[in-house]
Protein chains: 2
Amino acid sequence: MRESTALDQMICFQLYAASRAMTALYRPHLDPHGLTYPQYLVLRVLWHDGPTTVRDLGRTLRLDSGTLSPLLKRLETQGHIRRERGTHDERTVVIHPTATGLALQQAVGDLTQQLVCATGLTLDELTQLHHLLSRARGRATP
Amino acid sequence: MRESTALDQMICFQLYAASRAMTALYRPHLDPHGLTYPQYLVLRVLWHDGPTTVRDLGRTLRLDSGTLSPLLKRLETQGHIRRERGTHDERTVVIHPTATGLALQQAVGDLTQQLVCATGLTLDELTQLHHLLSRARGRATP
DNA sequence: CCCAACTTAGTTGTGCACAACCGAATGGTG
DNA sequence: CACCATTCGGTTGTGCACAACTAAGTTGGG
């Protein structure tokens, strides 16, 4: 089992390094719009799902309020989102994308092709990678 | 190409989420020793390679001095490492593991088995994942 | 030899992540 | 109704990441 030991260690480091490398690939495309990668993820959820509570954003992105609250405050300052108290449950806060927040979807555009090219992986390999990552995360975050 | 678009996006998010899930798996094993995951990575390099310059640590872990300098300062405060100016090139700083730093290798022990179990991936799948992550990162960080 | 270009490590400032905690709102139970 | 555990969003404090900059040391070309 000697290889396994080294391999597992490397997997964890590879994940850590690959994740940072990917966000570095996004950076030059997001920077011109004043966005960070986590902010972009939040906007993607809003573009796809419309107004969303802070709770649901946290569940989707697996981030807690300690991370989301200041991030949302920055997006609000930039005018991309609007906060609104929930009506029937006043504990909740609903995040609405504003017109400028929605416009960003077109402005940022489709980053897919450039990133697929950057990795050099085939569509088949991307599918495999997606499958393995889902499984790896499956038991870890039930 | 509709699937490709969604897939690529998901890959990047999956990497991001999987990486955080993995460090979360390490946390309970490292916390008792007062270590964070990046600190553990630094120590692993020192355990494996012996005294190492800050430059080489950065190259190996793909972290810059802005990240490493304060991290190493904390490891030094904890008594796990010692800094020493390079002799023939006084710009360099060589990081030496101390006795307590080396002892941590035994204290932390082998986290492999528990983490392999946590993911539920087979050895074969781990090998695939390792391969794909290397390739994905390959062109991104030449 | 001398100086300009480069390398190395460190500092500063911003923005995540996450643990720990807080107060307000909610909802079930006696 | 009164009580209390739970949920929700926010704040605080610590530790990465990374861009931009600095200062000290090194090196090669004139």
Side-chain angles (χ1 to χ4, degrees), chain A residues 13 15-28 30-43 52-59 61-78 81 83-95 141, chain B residues 13 15-28 30-43 52-59 61-78 81 83-95 141:
Chain A
F13 172 66
L15 267 175
Y16 164 76
S19 172
R20 286 188 294 127
M22 281 293 169
T23 73
L25 280 179
Y26 274 85
R27 210 184 317 281
L30 298 177
D31 248 13
H33 306 286
L35 293 178
T36 65
Y37 181 65
Q39 287 170 11
Y40 172 67
L41 290 179
V42 166
L43 287 177
T52 310
T53 62
V54 174
R55 171 177 55 83
D56 288 341
L57 281 172
R59 289 215 217 286
L61 302 174
R62 298 174 195 274
L63 293 170
D64 67 3
S65 64
T67 301
L68 284 175
S69 286
L71 187 156
L72 293 171
K73 189 180 293 183
R74 284 184 283 271
L75 282 179
E76 191 178 29
T77 302
Q78 293 188 269
I81 64 164
R83 288 159 192 262
E84 197 170 291
R85 273 287 150 199
T87 50
H88 63 286
D89 185 345
E90 295 208 351
R91 289 171 302 179
T92 65
V93 169
V94 183
I95 306 299
T141 63
Chain B
F13 172 66
L15 267 175
Y16 164 75
S19 173
R20 286 187 296 127
M22 281 293 171
T23 72
L25 281 179
Y26 274 85
R27 209 184 317 280
L30 298 176
D31 248 14
H33 307 286
L35 292 177
T36 65
Y37 181 66
Q39 288 169 12
Y40 172 67
L41 289 179
V42 167
L43 287 176
T52 309
T53 63
V54 174
R55 172 176 54 83
D56 287 340
L57 281 173
R59 288 214 218 290
L61 301 174
R62 296 170 197 279
L63 293 170
D64 68 2
S65 64
T67 301
L68 283 174
S69 285
L71 187 155
L72 292 171
K73 188 180 294 184
R74 283 184 283 271
L75 281 179
E76 190 178 31
T77 302
Q78 293 188 270
I81 64 164
R83 288 159 191 263
E84 198 172 291
R85 272 289 151 197
T87 50
H88 64 286
D89 186 343
E90 295 209 350
R91 288 171 304 179
T92 66
V93 168
V94 183
I95 305 299
T141 62

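Every chain is numbered from 1, with letters handed out A, B, ... down the list of sequences. Only this structure's heavy atoms are used, side chains among them; waters, hydrogens and symmetry mates stay out.
DNA chain D is contacted by both A:Val94 and A:Tyr16; A:Val94 maps to the nucleotide lying nearer its 5′ end (nearest heavy atom per residue). Looking at which nucleotide of DNA chain C each of A:Pro70 and A:Glu90 is closest to, the 5′-most match is held by A:Pro70. Take the nearest nucleotide of DNA chain C for A:Thr67 and for A:Asp89: the residue whose nucleotide is more 5' is A:Thr67.
If you check D:dT6, C:dT7, C:dT11 against the side chain of A:Arg91, the one that comes closest is D:dT6. Listed nucleotides D:dT11, D:dC8, D:dC16 differ in distance to A:Ser65; the shortest reach to its side chain belongs to D:dT11. Closest to the side chain of A:Gln39, out of C:dG15, C:dT11, D:dC18, is C:dG15. Of all nucleotides listed (C:dG10, D:dC8, D:dA17), D:dA17 comes nearest to the side chain of B:Leu63. Closest contact between the side chain of A:Asp64 and the listed nucleotides C:dT26, C:dA19, D:dG9 involves C:dA19.
A donor-acceptor pair is defined here as one N or O able to donate and one able to accept, closer than 3.5 Å; no such pair exists between the side chain of B:Asp56 and the backbone of B:Arg59.
Among the atoms of the strands shown, base atoms are found under 4.0 Å from some heavy atom of A:Ser69. Nucleic acid contact for A:Thr36: sugar-phosphate only, since backbone atoms but no base atoms lie under 4.0 Å from a heavy atom of the residue. Within the 4.0 angstrom heavy-atom criterion, only backbone atoms of the sugar-phosphate kind lie near A:Thr92; the bases stay farther away. Nucleic acid contact for B:Leu68: none, since no nucleic acid atom lies under 4.0 Å from a heavy atom of the residue.
Side chains of B:Leu30 and B:Gln39 form no contact here, defined as non-hydrogen atoms less than 4.5 Å apart.
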